[in-house]
Amino acid sequence: MTATRHFLGWDRPPLAQAAEWLEAEYGKDMRKLVVALPGTRAAHRLQELLALRMPRDWHPPRLLTQGQLTDEVVQLDRPLAGRLARTLFWERALARLSPRKMGALVREAHQLTAFSSRLRLAEALRSLHGDLAAEGLDFSRLTRSEAEHQPVGENERWKVLAQVQKAWRELLVKSGQDDPHEARFRAIREGRLDRSREIVLVGVADMNHLLSRVLEEIGAGVTALVVAPESEAAGFDQLGRLVPAYWQDHDVPLDPKDWYVVERPVDQADRLVQVLTEWGRELAAPEIAIGVPDDEVLPYLERRLGETQVRTRSAAGTPLSRSRPYQLLRAARRYLEQRSFPALAELARHPDLGPVFSAAQGLYARDPAAALDDYQRAHLPGQIDGLWVEDGKTTQA
């Protein structure tokens, strides 16, 4: 049996309709229900809407994102190797390559003789493996897929990577651990799925191959709430995913007066402010969502909106690489590796470490970064070797 679809329409907020449907379908006891949504924010909002509707003695469902749904359902038979362990196994597999085969991966084979160089490549392979595995692919599959259309040497590179991947799998097996991506597919093939709960998808119009396989295997226990009227049923498959062929020729009901064409990202930001100013007379901030197809435009929009005192929140969240702890650790690593004056200055500029510099040096009256800048202009230091010049004298610090 296949999944069931229910169309919510698009004339009312979809999460409010989803809450109404869940209440009507399951009542106040939703303990055996798993509800998956496109993102965390939507899951939290649906939980809030349900809590407002239900009596005090209700039993909520398990609410999660579509990315979490696979691990909620599949039943694994071995412990999963963590990210660091998988990276190190990739590094060990690369170390087994002969210099000739290393030459198929990098321009100069000697570049992979150092552990740090192999580790950087291992991190890239771990990420690439994860992207391919989510779609049911691996490196050996790419050696057989449209090989005649690949550039000269590309097929040979995939063959070497397939050999590395084979060695990497052997190392995982010896360690008694499993790769999370491949373990999930194996669990699906062997039927190790939790079928004791019903699954409801709310507005999940796109999913990777792994999740679609899970839901197809469960079949009748899945209901897809589609954010569209039933008149558009041909545009969605049985799991509620978009059917591209249907939508690519679909007419978009936008009046030409609602289109604005500008040249630069800064012009887009200015036009956005103008449009929001007009909408502000009728709509509150929570009623406005801004779609940004090109991430490179986002900083211009955030900066321009900030100048007009408009608070924004990225639905994708803040990348880990932009968080203060990450930046502090990166700056510390750079300093420990280089011992350079610019690296020390970068540490002094970090908002969490700057006060520590001030306290240690008694510089409460001065910005430690400014003090280091003055020292660099006066003495042009290169490496940090513990020797400092003060009043024409060199001191050990």
Side chain to side chain contact (heavy atoms under 4.5 Å, CB included) partner of T70, the single match among I188, L193, V214 = V214

key: Non-hydrogen atoms of V202 and L46 that approach each other most closely   = CG2-CD2, 4.4 Å

message = So that I can tick it off, tell me whether D57 and K28 are bridged by a salt bridge, with the cut-off set at under 4.0 angstrom between side-chain N and carboxylate O.
response = yes

Any side-chain donor near an acceptor of the partner, Y26 and E198, under 3.5 Å = yes

inquiry  = Between R324 and Q327, do the side chains contain a donor N or O and an acceptor N or O under 3.5 Å apart?
reply    = no

message = Could you walk me through whether Q163 and R96 satisfy the side-chain contact (heavy atoms from CB on, under 4.5 Å) test, starting with their C-alpha distance in whole Å, then the side-chain angles of each, then the deciding distance to 0.1 Å, before giving a yes or no?
response = CA-CA 10 Å; Q163 178 183 335; R96 295 182 177 184; over 6 Å; no

query = Can R5 and D237 be counted as an ion pair, charged N to O under 4.0 angstrom?
reply = no

Derivation of the ring-ring contact (aromatic ring centres under 6.0 Å, His included) call for H250 and Y246 = CA-CA 7 Å; H250 207 67; Y246 176 85; 5.1 Å; yes

message = Strictly distance-based, threshold 3.5 Å: is any side-chain N or O of D178 a donor or acceptor partner for the main-chain N or O of P180?
response = no

query = Has R303 got its NZ or CZ under 6.0 Å from the middle of the six-membered ring of Y300, at an angle within 45 degrees of the ring axis?
reply = yes

Aromatic centroids of F89 and W168 separated by under 6.0 Å = no

key: Matching residue for R213 among M207, R184, R189 - test: side chain to side chain contact (heavy atoms under 4.5 Å, CB included)   = R189

inquiry  = Applying ring-ring contact (aromatic ring centres under 6.0 Å, His included) to F236 and W247, what does each step give before you reach the verdict?
reply    = CA-CA 9 Å; F236 300 88; W247 296 103; 5.6 Å; yes

task = State, with a plain yes or no, whether a side-chain heavy atom of D138 is found less than 4.5 Å away from one of L132.
result = no

query = Sub-3.5 Å donor-acceptor pair from the side chain of E91 to the main-chain atoms of L119, do we have one?
reply = no

